Amino acid sequence: MYEWIKALHVIAVIAWMAGMLYLPRLFVYHCDAEAGSTQSETFKIMERRLLKAIINPAMIVTWLSGLYLAWVGHWFSAPWLHGKLALVLVLSGVHGFFSRCVKNFAADRNTRSHRFYRFINELPTILMIGIVILVVVKPL
Ligand code: HEM
């Protein structure tokens, strides 16, 4: 059972990360689309669907399956898991921030530049590298 849940965990992680890497790219292009234009309205639909249909459910499955693995595998006292949880909490915070950005774009209230979104785009990548090293190499 543990191995099956781990497979589910990795599948959910891939879906979550795919969305977390793609969504800020949409924000970058959305910045250049004029408010009210057909292009801007299309970006709004793409952003909302990506968030609601993929990113949100994938995050929930990642958390539930990860906590199950930690519980059943008796990992809660392992230092690598503490480090991993700290990074995953930051990643979840970035997720919350992206969710607010989707709402702002939907209401044509975005005030940030495409440079900002290009920069913030790197954050999930950096966090993901740290998380994967912590869980696979277990250096702590
Ligand atoms: C949401 C909170 C999370 C918790 C509580 C959690 C916990 C765990 C646990 C306990 C394992 C099993 C480790 C083992 O059997 O050696 C695991 C496996 C794994 N986790 Fe997570 N995880 C979480 C989120 C994430 C995220 C966000 C990522 C990647 C960005 C990730 C990537 C992985 C990978 C790749 C494995 C497989 C490691 C292996 O088989 O060697 N996890 N996770």
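Worth knowing before you read on, the calculation uses all heavy atoms, side chains too, and leaves out hydrogens, waters and symmetry mates. Read the numbers this way: they start at 1 and go in the same order the structure lists the ligands and their atoms. Keep in mind that what you see is a predicted model, and the values were worked out from it rather than measured.
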Return the closest protein heavy atom for atom 16 (O) of ligand 1 as residue, atom name and distance. Lys138 NZ, 2.7 Å
Beyond-backbone contact of Leu69 with His9, side-chain heavy atoms, under 4.5 angstrom: yes
Which atoms of ligand 1 sit under 4.0 Å from any heavy atom of Ala70? 10 (C)
Counting heavy atoms only, which part of Val13 comes closer than 4.0 Å to ligand 1: side chain, backbone, both or neither? side chain
For the residue pair Phe105 and His30, does the interplanar ring angle fall in the parallel (under 30°), tilted (30 to 60°) or perpendicular (over 60°) class? parallel
Looking at atom 41 (O) of ligand 1, what's its closest protein heavy atom, distance included? Val136 CG2, 4.1 Å
With atom 1 (C) of ligand 1 as the reference point, say which of Tyr2, Phe76, Trp16, Trp63 has the nearest heavy atom. Trp63
Using a 4.0 Å cut-off to any heavy atom of Lys6, which atoms of ligand 1 qualify? 14 (C), 15 (O), 16 (O), 39 (C), 40 (O)
Students often mix this up, so state it plainly: with edges at 30° and 60°, are the rings of Phe116 and Phe97 parallel, tilted or perpendicular? perpendicular
With sequence neighbours left out, what residues match Glu122 under salt bridge (charged side-chain N to carboxylate O under 4.0 Å, His left out)? none
Salt bridge Lys44-Glu47, side-chain N to carboxylate O under 4.0 Å: no
Quick check: does any side chain N or O of His82 sit under 3.5 Å from a backbone N or O of Phe76, one acting as donor and the other as acceptor? yes
So does Val135 have any N/O/S atom less than 2.8 Å away from atom 21 (Fe) of ligand 1? no
Atom 19 (C) of ligand 1 sits nearest the protein heavy atom His9 CD2, 3.4 Å
Could you tell me whether the side chain of Lys138 and the main chain of Val135 form a donor-acceptor pair under 3.5 Å? yes
Who's the nearest protein heavy-atom neighbour of atom 32 (C) of ligand 1, and how far? Lys84 NZ, 3.7 Å
Do me a favour and list the nearest non-hydrogen protein atom to atom 7 (C) of ligand 1 with residue, atom name and distance? Gly66 O, 3.5 Å
Could you list the atoms of ligand 1 found under 4.0 angstrom from a heavy atom of Val88? 1 (C), 2 (C), 24 (C), 27 (C)
Please check this pair: side chain of Ser92 against backbone of Val88, looking for a donor-acceptor N/O pair closer than 3.5 Å. yes
Any idea which atoms of ligand 1 are less than 4.0 Å away from a heavy-atom of Ile131? 26 (C), 28 (C), 29 (C), 30 (C), 31 (C)
Validation row: Trp16, His95 side chains within 4.5 angstrom (heavy atoms): yes
Give the residue and atom name of whichever protein heavy atom lies nearest to atom 9 (C) of ligand 1, and the separation in Å to one decimal. Leu69 CB, 3.7 Å
Atoms of ligand 1 under 4.0 Å from any heavy atom of Leu85, numbered from 1 in the order shown, are 5 (C)
